[in-house]
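Heads up: numbering here begins at 1 and tracks the sequence.
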Amino acid sequence: MDIRKKITFNYVALSTFSTSLLCIIVFFLFRENNRYHFLKRLDDRSKIVASIHFQKDPEKIKYYKNLQKNGLEELIEEEEYVLKINSHNSFDYNTNLNLPNTFYTNILSTGKDSYEKDNKYYLGQIFEENGQRYIVIVGARDRKGKDTTVYIVKIMLFGGIGFVILAFLLGRFLAKRVINPVARITKEVKRISASNLHNRLPEVKNSDEISDLTNTFNNMLDRLETSFEIQANFINNASHELKTPITTIIAEAEIMLLKEREVNEYVESLENIYSQASRLGNLTESLLKLTQTGYDGQKQVSDVARIDELLLDVKSDLDKIYPDNRVSIIINIAPKESNLLLLPCNKPLLELAINNIITNGVKYSDNNEVFVNLSANDEMIKITINDIGIGIPPEDIPHLYEPFFRGKIATKYIGYGLGLPLASKIIRMHEGELQVQSEQNKGTIVTIIFKKRNIKKSNV
């Protein structure tokens, strides 16, 4: 069942339920109102019957009978009985009355009671005259009340059927009006594919859920378009970067195989092949690590490491690659507070990310001074890497995290444009923040922040 039919069905069902409930309440209230007014009429009759019985004056008796006959509305199958009470629990019984004993008992105990059988009502109450008590019982059939009750039931029945039909039509109209914008969005979305991600849904001016849905789809399409562009750019650049060393290796091998050569030529060719193969190996390893960071971050975060020790390990590795590096690590925390430096992490990956950032500082500052500051408190761990290198032009900053992107002034340095994107993904995987501030020819400040409230308890 589609949503349009569901809305119509639910609307009809709720309307039928509420209408039925209203009809039932109206029926019982109407019936109770009829019963009240009819018993009130019987009460008036019983008072007149008592007055006629107690009067000794023929003229007054004639007056009351005339009032009963002409002054009051005629009752159908009217019956009148006056029963003398002999004691607190006995009275003169009339055999024409076929009423339950509880009716008489209630009258004797409370002074008044009513009884209904087959739409005929009996009202009994006690009157007293000259110290003698009597039970006056008046009975009549409420045919008019029955007719009006049947009439109101017919009205509610046919009116209810008509209302259900109207509810069905209104439900269909409502469903159509509600679903049409969603159907329009669905139709527009089906037309959008990878080849036309630039298309967008028409904006809706109303600030309602449909407008929010349209904006959400458009924002999603913006992200998808950006992701597709980055992916296409990544594939093109990766293909180019991989193709260059492979082509060089193949060409070098083919040239060497054309004829016999001197030993020094073979050595030179092998060195060239080794250089290109090493470049290819490093590039492949970087791509694999970049892919690895795309896995579930919760599964990747499996260690608990001290950040100061991790920085020292990075410095030790850096000393092997750049023996004359001028990296200084400054730890701004007392030894007794070393527990503040504990961080749930994937230690090899996080070490790789920080290594890439510090290595960039060393490389792009031509081995100038690089300062690494570490601080921590109860709320966060903060690492600041400051170099005085070539800096980053403002137009290159938005593209820093795109794989294989390299700014114009960075092309003279060896690299693939994968270090910072890889570091960014690893840090984001650890619920951290990476901030870059740079000014061309003055240097770069990279800040890494791990807010402890963002660290998942399941990772600790």
Item checked: Residues Lys451, Glu433: salt bridge by 4.0 Å N-O rule -> yes
message = Is a donor from one side chain sitting under 3.5 angstrom from an acceptor on the other, for Asn355 and Thr359?
response = yes
CD1 (Ile445) and CG (Asn373) are apart, to the nearest 0.5 Å, by 10.0 Å
In terms of heavy-atom contacts, Val370 and Ser365 come closest through CG2-OG, 4.1 Å
Worksheet item: Do Leu123 and Lys112 come close enough that some side-chain heavy atom pair is under 4.5 Å?
Response: yes
Distance col, row Lys363:NZ vs Asn356:CG, nearest 0.5 angstrom, shows 8.5 Å
Checklist entry - Looking only at side chains, do Arg35 and Ser114 share a donor and an acceptor under 3.5 Å apart? => result yes
dist Glu309:CD -> Leu342:CG (nearest 0.5 Å) comes out at 8.5 Å
Distance-only criterion, 3.5 Å: show the donor-acceptor pairs between side-chain atoms of residues 381-389 and protein atoms not counting sequence neighbours.
residue : atom : partner : partner atom : Å
Asp387  : OD1  : Gly389  : N            : 2.9
Asp387  : OD1  : Thr444  : N            : 3.3

Sorted by chain and number, sequence neighbours left out, ring-ring contact (aromatic ring centres under 6.0 Å, His included) with Phe38 holds for Tyr121
Test side chain to side chain contact (heavy atoms under 4.5 Å, CB included), reference Ile448, set Ile357, Leu350, Ile307, output is Ile357
Looking only at the side chains, is there a donor atom on one of Asp319 and Asn325 sitting less than 3.5 Å from an acceptor on the other? yes
